[in-house]
Amino acid sequence: MRVVLRNPRREVEVAGGRRVRDVLKELDVIPETVLVIRGDTLITADQVVADEDTIELRPVMSGG
Amino acid sequence: MKCRKCGTGAVIELRRHNAAFCAPDFLEFFRNQVREAIRKHRMFTRDERVLVAVSGGKDSLGLWDVLIEEGYQTSGLYLDLGIYDYSVESKAKCEAFAAAREVPLIVTGVADEVGAPVPVIKEVTRRPPCSGCGLSKRYLMNRVALEHGFPVVATGHNLDDEAATLFGSVMHWQTEALPRQSPALASTHPKLVRRVKPLYRLSEREAAAYAFLRRIDYIVEECPFAKGATSIMYKEILSRMEDASPGAKHNFLFGFLDKARAAFERAEAVSLQECVRCGQVTTGTVCAFCKLSDQVKRAT
Ligand code: SF4
Ligand SMILES: [Zn+2]
Ligand SMILES: [Zn+2]
């Protein structure tokens, strides 16, 4: 499956067929710091993402 | 995961509240938190005109959206910092937001007021960009509000912003900064407007989710100067604590507000004067903003 990361925008391929929580763990992303977007909606960490899915991990933190 | 309210599929989990919500119930939760903030701190009434400081980001545009929906009389204030593409894009987002909702937006250019944009101020002063930028923003928000007759300025600071600021103040034991940290600062001088933060009960992630679910077109890119900012480092530390122990950020900030803040309030009030140059409030003779713009004008 494809994961879109931001700031800067980039994409990585990881294995699907598992929960969002496990994908975040593999990418070392703290769940509290991102929105997980699939299509036009948000999904929770317990949802299973398929191999053909694309999700965006949109950072929620801003500085300044 | 199911929505706590209606039992349909949830789109967001709020671990610190031990809850998950569907989109409509999350939006209602969010609005309720804003209502509670406004009520508890008597931030403003429906008869008052509120100036909402907007940056083009999720927090300030989300806040403006809630206040419009709630029927408050609002205008936006966009301060153009002149930070390359970031400012061009964020300004366009604010203008599009205001136009779509037919609400007024005031645009003030830092370059017009100080004499140069933030990147040049940084070079001239040889100080971190956020220092000249923050000073200019605080000053201009107040002055523009006064000039246009707004009694109150609302900013999009959220729970994470406030917890990070508190963390920084405590790390350095800046005891003079602690009493000033509050969701609502009353006007202490006829030329100082009230300052309020109606999102202080909501986390950064909740603010992002609100903006996303409301389809608000906000700028996801960061200010290029935010990269090394210590506030980001503090936010990361606090997020790790939050992950290990949901509610940690909330308890840190609310514990301070409820139990500790009053202890740092000083008995003697600082004497406030009016700047001999611009007439805005200062503790000296010439205010920090006028000194900054002098320095910039001499150098450019
Ligand atoms: S990160 Fe610093 S320079 Fe950029 S907008 Fe925020 S305060 Fe200004
Ligand atoms: Zn629901
Ligand atoms: Zn002055």
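Here is the naming used below: chain letters follow the sequence lines, and residue numbers restart at 1 for every chain.
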Please look at [X] and chain A and tell me whether the side chain, the backbone, both or neither of the residue comes under 4.5 angstrom of a heavy atom of that chain.
X: B:Arg15; value: neither
X: B:Glu206; value: neither
X: B:Ser203; value: side chain

Those residues of residues 155-168 of chain B, ordered by number, that approach chain A below 4.5 Å (heavy atom to heavy atom):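 Within residues 155-168 of chain B, near chain A: B:Asp161.
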
Under 4.0 Å between a side-chain nitrogen and a carboxylate oxygen: does that hold for [X] and [Y]?
X: B:Glu242; Y: B:Arg205; value: no
X: B:Glu204; Y: B:Lys249; value: no
X: B:Arg240; Y: A:Glu32; value: no

Top of A:Pro59, A:Ala45, A:Pro31 for chain B proximity - count of heavy-atom pairs under 4.5 angstrom: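 Between A:Pro59, A:Ala45, A:Pro31, the count favours A:Pro31.
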
Heavy atoms of other groups near A:Arg6 CZ, more than 12 under 6.0 Å: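 More than 12 within 6.0 Å, yes.
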
Whether over 12 other heavy atoms sit under 6.0 Å from B:Met241 CE: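 Atom CE in B:Met241 is not packed in, count stays at 12 or less.
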
Distance flag, aromatic centroids of B:Tyr210 and B:Phe29, threshold under 6.0 Å: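 No, they do not, as the ring centres are separated by 6.0 Å or more.
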
Segment of A:Leu35 engaging chain B (4.5 angstrom heavy-atom cut-off):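 A:Leu35 touches chain B through side-chain heavy atoms alone.
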
Proximity breakdown for A:Val36 and chain B, heavy-atom pairs closer than 4.5 Å: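 Neither the backbone nor the side chain of A:Val36 comes within 4.5 Å of chain B.
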
Quiz item: cation-pi between B:Arg214 and B:Phe212, 6.0 Å / 45°: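 The answer is no; the distance or angle limit is not met.
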
Whether B:Phe26 and B:Phe30 hold their rings parallel, tilted or perpendicular, with breakpoints at 30° and 60°: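 Tilted.
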
Most chain A-contacting option - heavy-atom pairs closer than 4.5 Å, from B:Phe225, B:Tyr234, B:Tyr218: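 Most heavy-atom pairs under 4.5 Å with chain A: B:Tyr218.
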
Heavy-atom side-chain contact between A:Arg18 and A:Glu26 under 4.5 Å: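 A:Arg18 vs A:Glu26: side chains touch.
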
